[in-house]
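Below is one structure; the comments refer to it alone.
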Amino acid sequence: MKGDPSAAFAFVRDGDRESLANLLASAPALASATSDEGMPLLHAAAQTDDTGMVDTVLTAGAEVDAKAAWGHTALEWAANTNAHRTAGLLLARGAELTLWAAAALGRLGEVGAFLEASPEPQAVSDAFYIACRNGALDVARLLRRHGADVDALGYFDATALHWAAINGHEETALWLVGEGADVRRRDPEFDSTPAGWAREGGHDALAHKLELESP
């Protein structure tokens, strides 16, 4: 591949759109480059929430729905990182919206439309986890009414409550407790409760409230 993929990723990381555009103009194949960790350049741009950076990579020829090594498209990765601006651009450029991405982005109407098609229960619970992780409470409530598991697991096999807690989404976290989420459950990766995750995220007040809920 002509050009230096590491330079392309460095320009994205540093927010140097002009240098990235010049590099891709001389080596357009780099638009489809992938990092050693399996992240495509478009995903790296998407997570910055810099629409100009994403537009630069797409214009150079990146495939809008290409997947990372772990299975996410750039839109899903933008949704995962709460990058709403770049998610909007990717949608405008033809990216496919999934239930999971719609839930992550808090797009209640689109989530409702997906639910009308009766998706698999696991897909509903997966969408519930990411909605809670991103604090999209209205979406989480809707998914719960459609059978989502209140202790749905996300990355590191941590629950929706763990993820809501570490991100400081207090209203979502306390709603989950009210729905019966397990406040004493420890994740297998870090052996920590949701309260511990809240503290890890710097949300001590929320951690204290969760500890009070633990018998």
Side-chain angles (χ1 to χ4, degrees), residues 12-13 15 37 39 43-51 68 70-72 74-88 98-108 110-111 122-215:
V12 169
R13 184 184 63 247
E37 295 75 28
M39 175 181 284
H43 291 58
Q47 71 182 6
T48 69
D49 213 17
D50 181 336
T51 55
W70 54 89
H72 280 155
L75 173 60
E76 290 171 329
W77 192 241
N80 179 68
T81 57
N82 248 338
H84 286 253
R85 290 188 293 271
T86 52
T98 61
L99 169 59
W100 193 91
L105 294 167
R107 299 174 75 106
L108 186 64
E110 285 94 334
V111 170
Q122 186 60 55
V124 174
S125 291
D126 289 343
F128 177 79
Y129 139 72
I130 194 61
C132 293
R133 171 176 172 155
N134 285 1
L137 183 51
D138 287 345
V139 169
R141 286 185 172 124
L142 176 61
L143 291 164
R144 179 74 172 139
R145 291 197 296 271
H146 281 77
D149 179 2
V150 74
D151 289 317
L153 300 179
Y155 294 114
F156 304 120
D157 281 339
T159 66
L161 180 55
H162 282 87
W163 282 105
I166 199 170
N167 287 315
H169 298 306
E170 181 169 319
E171 186 178 5
T172 300
L174 296 180
W175 172 78
L176 283 165
V177 173
E179 287 291 299
D182 187 352
V183 295
R184 294 181 295 178
R185 184 165 179 162
R186 293 178 177 272
D187 70 275
E189 183 74 16
F190 307 107
D191 191 33
S192 183
T193 64
W197 277 50
R199 282 215 163 77
E200 179 67 22
H203 309 293
D204 291 343
L206 175 55
H208 180 64
K209 290 178 181 180
L210 293 173
E211 287 167 345
L212 291 176
E213 296 289 343
S214 182

Going through the checks in order, is the side-chain contact (heavy atoms from CB on, under 4.5 Å) test met by Trp175 and Arg141? CA-CA 9 Å; Trp175 172 78; Arg141 286 185 172 124; 3.7 Å; yes

Would you check if the side chain of Asp187 reaches a backbone N or O of Ser192 as a donor-acceptor pair within less than 3.5 Å? yes

Going through the distances and angles, do His208 and Leu212 end up as a side-chain contact (heavy atoms from CB on, under 4.5 Å)? CA-CA 6 Å; His208 180 64; Leu212 291 176; 3.7 Å; yes

Which residue in the set Asp182, Leu176, Thr193 passes side chain to side chain contact (heavy atoms under 4.5 Å, CB included) when paired with Leu161? Leu176

Minimum heavy-atom distance Glu211-Ala195, with the two atoms named: CG-CB, 3.6 Å

Does Asp49 reach the main-chain N or O of Thr86 with its side chain, forming a donor-acceptor pair under 3.5 Å? yes

What are the two closest non-hydrogen atoms of Asn134 and Ala79, and how far apart are they? ND2-O, 2.9 Å

Which atom pair, heavy atoms only, marks the closest approach of Ala127 to Leu99? CB-CG, 3.8 Å

Do you know the tightest heavy-atom contact between Leu75 and Ala101? CG-CB, 4.4 Å

Roughly how far apart are Arg107 CZ and Leu105 CG, rounded to 0.5 Å? 6.5 Å

Would a distance-only check, ignoring hydrogens and angles, find a side-chain to backbone donor-acceptor pair under 3.5 Å from Thr48 to Ala44? no

Within a strict 4.5 Å, meaning less than it, do heavy atoms of the His162 and Phe156 side chains meet? no

Hey, are the side chains of Trp70 and Met39 touching, using non-hydrogen atoms and a 4.5 Å cut-off? yes

Closest approach of Thr172 to Ala164 (non-hydrogen atoms, all atoms of both residues): CG2-CB, 4.1 Å

Looking at every heavy atom in both Ala104 and Ile130, which two are closest together, and how far apart are they? CB-CG1, 3.4 Å

Check: Thr51 side chain, Arg85 main-chain N or O, donor-acceptor pair, under 3.5 Å: no

More than 12 heavy atoms from other groups under 6.0 Å of CZ on Arg186: yes

Set out, in order, the CA-CA distance, both residues' side-chain angles and the distance that settles side-chain contact (heavy atoms from CB on, under 4.5 Å) for His43 and Asn80, then state yes or no. CA-CA 11 Å; His43 291 58; Asn80 179 68; over 6 Å; no

Are the side chains of Thr98 and His72 in contact, using a 4.5 Å heavy-atom criterion? no

Whether over 12 other heavy atoms sit under 6.0 Å from Glu189 CD: yes

Look at the rings of Tyr129 and Tyr155 and say which category their plane angle falls in: under 30° parallel, 30 to 60° tilted, over 60° perpendicular. perpendicular

For the atom pair CG (Asp126) and CH2 (Trp100), what is the distance rounded to the nearest 0.5 Å? 9.0 Å

